[in-house]
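Below you'll find the structure, written out as structure tokens, and then a few comments.
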Amino acid sequence: MKTTFLAFEQPIAELEGRIEELRFAQDDSAVDISGEIARLQKKSQALTKVIYAKLTPWQVAQVARHPQRPYTLDYVAMLFTHFEELHGDRLFAEDASIVAGLARFNGEACAVIGHQKGRDTKEKILRNFGMPRPEGYRKALRVMKLAEKFGLPVFTFVDTPGAYPGIDAEERGQSEAIGRNLFEMARLRTPIISTVIGEGGSGGALAIAVADVVIMLQYATYSVISPEGCAAILWKDAAKAPEAAETLGITAGRLKTLELIDKIVGEPLGGAHRDPQATAQALKKALAEAFKQLSGMKPDRLVEHRLERLMGYGRFKEAGER
Amino acid sequence: MSWLQKLLPPKIQRSYGPKKTVPEGLWAKCPACDAVLYSTDLEKNQNVCPKCNHHQRISARVRLDALLDPDGRYEIGAEVLPVDSLKFKDSRKYAERLAEAQEQTAETDAMVVMQGAIKSIGVVCAVFEFEFLGGSMGSVVGERFVRGVRVSIEHQLPLVCFTSSGGARMQEGLFSLMQMAKTTAALTDLAERRLPFISVLTDPTMGGVSASFAMLGDVVIAEPKALIGFAGPRVIEQTVRQKLPEGFQHAEFLLEKGAIDMIVDRRALRDKLATLFALLRRLPSDPQAS
């Protein structure tokens with residue numbers, strides 16, 4: 001598949017275009033130009049390295065939303081075996097913007113839940129652009145309770161612009177559905193390991209991300225509001241999104257420094273979509289480590305530990321402090 | 001200001017301004033029905049318009065004053081104060097916005113928590129201050145809520161929370177999102193100990209506040225016509241590109257959709273809460289008599 005390049009990657013795109021042209025030319029040319037191709041490829045690599053070494057938070061947000069970025073089901077195929085998808089919330093409907101099911105991770109039975117975006121227009125609509133309605137959150141909760149009942153660890157994958165802001169979603173209790181998940185996940189008596197693989201969009205992300213270990217891919221983002229939304233409210237100008245991205249602190253590096261996430265998994269040069277297999281392998285290692293660390297803990301200890309984490313969130317000072 | 005005005009003593013300067021026939025603040029206009037009301041009457045009526053029943057927003061302390069018995073009130077978590085941990089800056093610095101909000105409201109952040117009693121039933125009461133940065137929930141709101149829950153548990157008291165909030169406080173980035181998880185986790189502690197939590201949704205209850213603990217009350221009450229929802233009406237309108245139904249996201253709409261238990265007039269709330277807490281805690285029917 002041809003790589004789609006983002007606006008800030010245009011210099012790389014131009015080089016890659018020339019490499020492509022030369023490859024075509026090579027086929028019916030008597031002169032050997034493979035040396036030239038190799039030289040340009042090296043140059044393209046070096047250029048990518050330079051550009052990716054100093055991505056701004058807003059550029060990272062573009063990578064996190066890259067149309068070719070691996071989605072939950074791509075990781076499910078690369079990280080798990082025996083995946084059995086489970087559908088429906090048993091209350092209203094099936095919501096395809098969240099996938100959930102049972103699977104095996106390194107041979108161990110587990111539950112898998114994640115936001116799912118679509119590739120083409122048809123699938124994008126089916127997946128509602130990865131924006132769940134209440135039934136999506138309720139399905140996720142149903143599968144989590146199922147996992148708890150049978151002592152299965154839960155792996156969640158976060159990749160959503162946010163919960164769907166629609167009339168029907170409000171009518172069926174979007175707020176309650178998200179709140180209920182936060183409530184139940186706080187004391188779920190089985191390990192929960194969450195990975196932000198793309199966009200971690202606000203409450204819609206958190207509703208499946210209350211966890212014992214929170215991992216982020218290098219170019220994923222996690223934020224209380226989208227940079228565009230924040231800019232529209234605080235600057236009254238959505239064009240200020242790059243500034244908002246900067247100040248909101250949405251990147252993995254910043255969030256790790258602030259101790260809001262536990263681990264960053266590095267991505268291949270140019271982002272996860274340049275080499276999904278390599279990304280999945282790196283993630284698999286991190287998931288296995290987290291799983292190993294948690295699997296020895298008794299449910300009581302696990303919940304106690306999770307509650308301690310949750311209660312520790314926040315930065316404030318006490319009167320008398322400077 | 002001209003050089004002449006600068007020279008004039010303040011009293012004379014004022015006479016240049018528009019003539020005021022009525023002292024400021026004596027009269028208030030109802031924003032819903034435009035009725036001109038005598039301010040003291042409005043206050044006595046808990047800021048509910050006597051003509052059209054419109055429930056105006058009220059400050060956290062006015063709310064607490066009307067709700068709790070006069071004796072035995074203790075504030076909880078006032079020692080918790082905000083910090084600008086991200087050095088957040090939009091068109092203005094968060095630190096400046098904080099300082100301004102503190103000056104305007106005389107509060108240190110957007111929530112006031114008190115231990116007290118409602119008709120002799122001991123309670124912990126948490127109230128959002130909407131005038132403080134739109135009642136947004138940041139680290140201080142989350143921590144004060146949690147400290148309120150701790151006092152509830154320590155003294156075996158039920159909890160009531162009055163929400164009035166635009167949602168999470170953007171200026172605290174992901175810390176504010178995590179307050180949703182933190183406050184809700186604290187509620188599980190109450191539930192484990194079978195201590196009741198009543199959530200009273202007042203205008204407005206939106207975003208991260210509605211999508212965390214607000215909808216999880218053992219009983220969920222709303223004030224009449226309060227705006228309650230996850231996404232703001234403008235965001236929804238822009239997304240679905242259709243006109244929103246009449247009364248959408250109002251308390252009455254939520255009652256019809258089965259999202260809340262009841263709508264209660266502000267003036268009846270004190271009695272209603274006492275009755276409900278007495279039932280949930282299996283106390284005698286007239287707590288005042290016991």
Side-chain angles (χ1 to χ4, degrees), chain A residues 162-167 169-180 182-187 200 202-207 209-210 222-225 229-231 233-236 240 243-244 247-250 254-255 258 260-261 306-307 310-321, chain B residues 78-83 85-91 138-140 142-143 146 168-182 184-189 191-192 207-208 210-216 228-232 235-236 238-240 242 244-245 248-249 253 257-259:
Chain A
Y164 182 59
I167 296 172
E170 295 286 326
E171 281 179 344
R172 293 195 292 277
Q174 187 76 289
S175 292
E176 193 273 346
I178 295 171
R180 184 67 59 192
L182 305 183
F183 185 91
E184 294 293 341
M185 290 179 88
R187 281 179 183 267
S202 194
L206 184 65
V210 178
Y222 196 2
S223 181
V224 64
I225 184 168
C230 178
I233 295 171
L234 290 181
W235 278 267
K236 318 249 178 277
K240 296 282 185 195
E243 282 92 330
T247 196
L248 276 168
I250 62 176
R254 188 84 193 280
L255 294 171
L258 295 169
L260 285 162
I261 61 160
R306 193 181 306 140
L307 288 173
L310 296 173
M311 294 303 167
Y313 285 133
R315 292 267 174 102
F316 50 83
K317 62 182 176 185
E318 306 255 350
E321 279 178 6
Chain B
E79 67 281 5
V80 183
L81 301 171
V83 292
S85 54
L86 297 181
K87 302 272 171 278
F88 192 98
K89 186 170 175 283
D90 51 85
S91 51
S139 296
V140 172
E143 181 65 17
V146 167
R169 187 171 298 170
M170 282 175 282
Q171 293 91 340
E172 293 189 19
L174 205 66
F175 284 112
S176 67
L177 187 73
M178 293 307 159
Q179 301 313 306
M180 294 169 65
K182 175 171 170 169
T184 308
L187 277 191
T188 68
D189 282 347
E192 287 284 304
S210 92
S212 52
F213 58 85
M215 303 305 291
L216 302 181
I228 303 155
F230 176 68
V235 175
I236 297 174
Q238 281 162 12
T239 308
V240 302
Q242 64 186 80
L244 302 177
F248 180 65
Q249 292 184 319
F253 173 88
K257 297 293 171 192

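Computed over heavy atoms, backbone and side chain alike; hydrogens, waters and symmetry mates excluded. Note on naming: letters A, B, ... go to the chains in the order of the sequence lines (proteins, then strands), and numbering restarts at 1 for each one.
- The two atoms that bring B:Ser91 and A:Leu234 nearest to each other are OG-O, 3.4 Å, heavy atoms only.
- Both the backbone and the side chain of A:Ile167 have a heavy atom closer than 4.5 Å to some heavy atom of chain B.
- Of all heavy-atom pairs between B:Leu216 and A:Gly179, the closest is CD1-O, 3.4 Å.
- Residues A:Tyr164 and B:Val240 meet the side-chain proximity criterion, which asks for heavy atoms closer than 4.5 Å.
- Only the side chain of A:Arg254 comes within contact range of chain B, with at least one heavy atom under 4.5 Å from a heavy atom of that chain.
- Contacts between B:Ala78 and chain A at a heavy-atom distance below 4.5 Å are absent for every atom of the residue.
- Of the atoms belonging to A:Ile233, it is side-chain heavy atoms, and not backbone ones, that fall under 4.5 Å from chain B.
- For B:Gln238, no part lies under 4.5 angstrom from a heavy atom of chain A.
- Interface remark: A:Ser223 contributes backbone atoms only to the contact with chain B (heavy atom separation under 4.5 Å).
- When heavy atoms are compared at a cutoff of 4.5 Å, B:Val80 approaches chain A by way of both its backbone and its side chain.
- Heavy atoms of A:Ala319 lying under 4.5 Å from chain B belong to its backbone as well as its side chain.
- For a residue to count as touching a neighbouring chain, one of its non-hydrogen atoms must lie under 4.5 Å from one of that chain's; by this rule A:Leu248 touches chain B with backbone and side chain alike.
- Every residue two or more places apart in sequence or in another chain that forms a ring pair (Phe, Tyr, Trp, His ring centres under 6.0 Å) with B:Phe213 is listed here: B:Phe145.
- Using a 4.5 Å cut-off between heavy atoms, A:Arg187 contacts chain B through its side chain alone, with no backbone atom that close.
- Chain B forms the most heavy-atom pairs under 4.5 Å with one residue out of A:Lys240, A:Gln174, A:Met311, and that residue is A:Met311.
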